Number of protein chains: 2
Amino acid sequence: MEKDARTKLIETATQLFAQKGFNTVSIRELARTAKVNSALISYYFGSKEGLYQEVLEEQFILIAQMLRMFEEIPPASPIESITLYAKNIAVIHQQRPYLTRFIISEIINPTPCCEAVIKKYISRIFRFLHATLEEGIAAGDFKPDLNRDFAIVSLAGIMNFFFIGKPIFLEFTSSSEKIGEEYTAQALDTFLNGILRRKEHE
Amino acid sequence: MEKDARTKLIETATQLFAQKGFNTVSIRELARTAKVNSALISYYFGSKEGLYQEVLEEQFILIAQMLRMFEEIPPASPIESITLYAKNIAVIHQQRPYLTRFIISEIINPTPCCEAVIKKYISRIFRFLHATLEEGIAAGDFKPDLNRDFAIVSLAGIMNFFFIGKPIFLEFTSSSEKIGEEYTAQALDTFLNGILRRKEHE
DNA sequence: GTCTATATTGCGATAGAC
DNA sequence: GTCTATCGCAATATAGAC
C-alpha cells in the first residue's frame, strides 16, 4: 500500500531536517526526496515552518508519555526514579533517533515558533529531576553538597551526548546492534556512582 | 584605534555563525553587522565558506596548544591526566565560549569543507583519552570492566553539554561569574568518582 | 582596499487548471 | 488532492569605478 503525500512529507522532513538543519533544506529538495509536488507543503502545512513544527511536535510524543507516567506512578525511590528515567530515555532514543539532534539544534540555533515547544519539555524534565535529586539528598542517598542544577546538566550530558555524536563516534570505534542500550547502562552506572554518598567516607 | 575590515569580519562572523548557524547567516547581514561592505568577504576570504573556515580554524588554536602540551609534558598519572584535561577544557571554554557550539553544529549538520578540521581534532582528543583510560585501568585506578570508548563519550558529554545549553540552562537556575569553572569541578568529580575502582568491593 | 551596481541562481509561496 | 507555471524576493558572487 502506498503512503499518502502528507505522511511521506512528514517522514522525509524528519530525516532531512535532522540531518541538514531547517535552513539548509529547501522545500524543493524536500518534495523531490518525498516524491511529491512541492506545492503540497503549503497545502498541508501552510508553510515550510509549519511542516517543521509538525515534525518537532511528533518527536516529543514519547517524552510526554514518559512524563505522564512518572506523574501517575511515581517510582519508589530517587535512585529508582533516575534509573527508570535513564532506561526510558534509552528506549526513546531507539524509537526517535533524531530527537536529541532536534533538541540540541534548537538550543544552539533556535527557530522562532518552536522554541516554546522545546523549552516546555526541557523545563518539565528539569523540574522532575530536580525534585528527585532533592529527595535523594534528603534521604542520604546522594552527596549532601551536590549542586542539583549542575548534576542535572551532567546527567543530561552523559545520557544524550552519545546520541548526538553517534555517527561520528562510530567512525572511531566498532559497533553493535544494541550499542545504545549498552552505552546508557554504563553511563547511568557512572553517573549514579559519581553522585552517591560514600558511606566509608563519613 | 579602529580595527581593520578583515578583523571585524572574523569577529562578527564568529558570533553570528555560532548563534545562528552557517546557512542562516547571509553575507549581507554579516557585512551590515560588522559595518563593512559585503564585497569584502569575497575579497578577503574568497567566499562565505572561506570566512567560515577561517573562523573555525581559529576556534581550535587552544585545543591544538593543549594537545601539544600533553605530548611534550605527559602528566604523571592517568587521574592527573584527566584532571588536567578537564581544567584545560574549562579554561578554553572561557576563552572560546562558542567552541562547543561549532563542534556540535558540525557534528549534527556537517558543512562540506570543514568536516576534516573537526574530525582531525576530535580523533586526536579521542586517542589521548583512550590511552589515558587504558593506562588507568591497567594500573588498577579505574573499573576493570569499563568500556573505554563509552567512558570517553561520557566524559565529553559531562564536560561539554553544559556549555552548549548554557543560555537555556541559565533560564532555569541562578547564575554567577565563575559558573563554568564551578560546573566543571563538580562534573569532573562526578565522572572520576563514577569510574573509580572501589577498593571496598574487591 | 573599498565602493556601487549587477549578473545569476535559487528560495518560499500561491494562483489556477485539472 | 495534485499538478504546472510563475511571482517576488533574497541569496552569493563578481565586474569595474575610485
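Keep in mind it's a predicted model, so treat the numbers as computed, not measured. Chain letters run A, B, ... following the sequence lines, proteins first and then strands; every chain starts at 1.
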Nearest whole angstrom, please: distance from the [atom2] of [N] to the [atom1] of [X].
X: A/N23; N: D/dA10; atom1: CG; atom2: P; answer: 15 Å
X: A/F45; N: C/dA13; atom1: CZ; atom2: P; answer: 13 Å
X: A/K48; N: C/dT14; atom1: NZ; atom2: P; answer: 15 Å
X: A/K8; N: D/dG1; atom1: NZ; atom2: P; answer: 14 Å
X: A/K20; N: C/dC11; atom1: NZ; atom2: P; answer: 10 Å
X: A/D4; N: D/dG1; atom1: CG; atom2: P; answer: 9 Å
X: A/Y44; N: C/dA13; atom1: OH; atom2: C1'; answer: 17 Å

Within the distance-only criterion (no hydrogens, no angle test), does the side chain of A/E106 pair as donor or acceptor with the backbone N or O of A/T111 below 3.5 angstrom?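 Yes; at least one donor-acceptor contact below 3.5 Å.
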Side-chain heavy-atom pair B/Q59, B/I103 within 4.5 angstrom cut-off: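 Counting from C-beta outward, B/Q59 and B/I103 never come under 4.5 Å.
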Side-chain contact, heavy-atom cut-off 4.5 Å: A/N109 with A/F22?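 Contact flag for A/N109/A/F22 side chains = no.
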side-chain hydrogen bond (donor to acceptor under 3.5 Å, both in side chains) between B/R101 and B/N160, worked out: CA-CA 9 Å; B/R101 281 174 171 248; B/N160 293 306; over 6 Å; no
Please determine if a side-chain N or O atom of B/S26 lies less than 4.0 Å away from the OP1 or OP2 oxygen of D/dA11.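 Looking at the OP1 and OP2 atoms of D/dA11, one of them is under 4.0 Å from a side-chain N or O of B/S26.
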Counting only heavy atoms and a strict 4.0 angstrom limit, can you tell me which residues of residues 27-43 of chain A come near DNA chain D?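 Contacting residues: A/N37, A/A39, A/L40, A/Y43.
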Run A/N193 and A/R198 through side-chain hydrogen bond (donor to acceptor under 3.5 Å, both in side chains) and show every step you take. CA-CA 9 Å; A/N193 253 318; A/R198 298 275 155 212; 3.0 Å; yes
If you look only at pairs with a residue in residues 133-164 of chain A, which of them pass as a ring pair (Phe, Tyr, Trp, His ring centres under 6.0 Å), with sequence neighbours excluded?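 Residue pairs passing ring pair (Phe, Tyr, Trp, His ring centres under 6.0 Å), neighbours aside: A/H93-A/F163, A/F150-B/Y183, A/F162-A/F169, A/F162-A/Y183.
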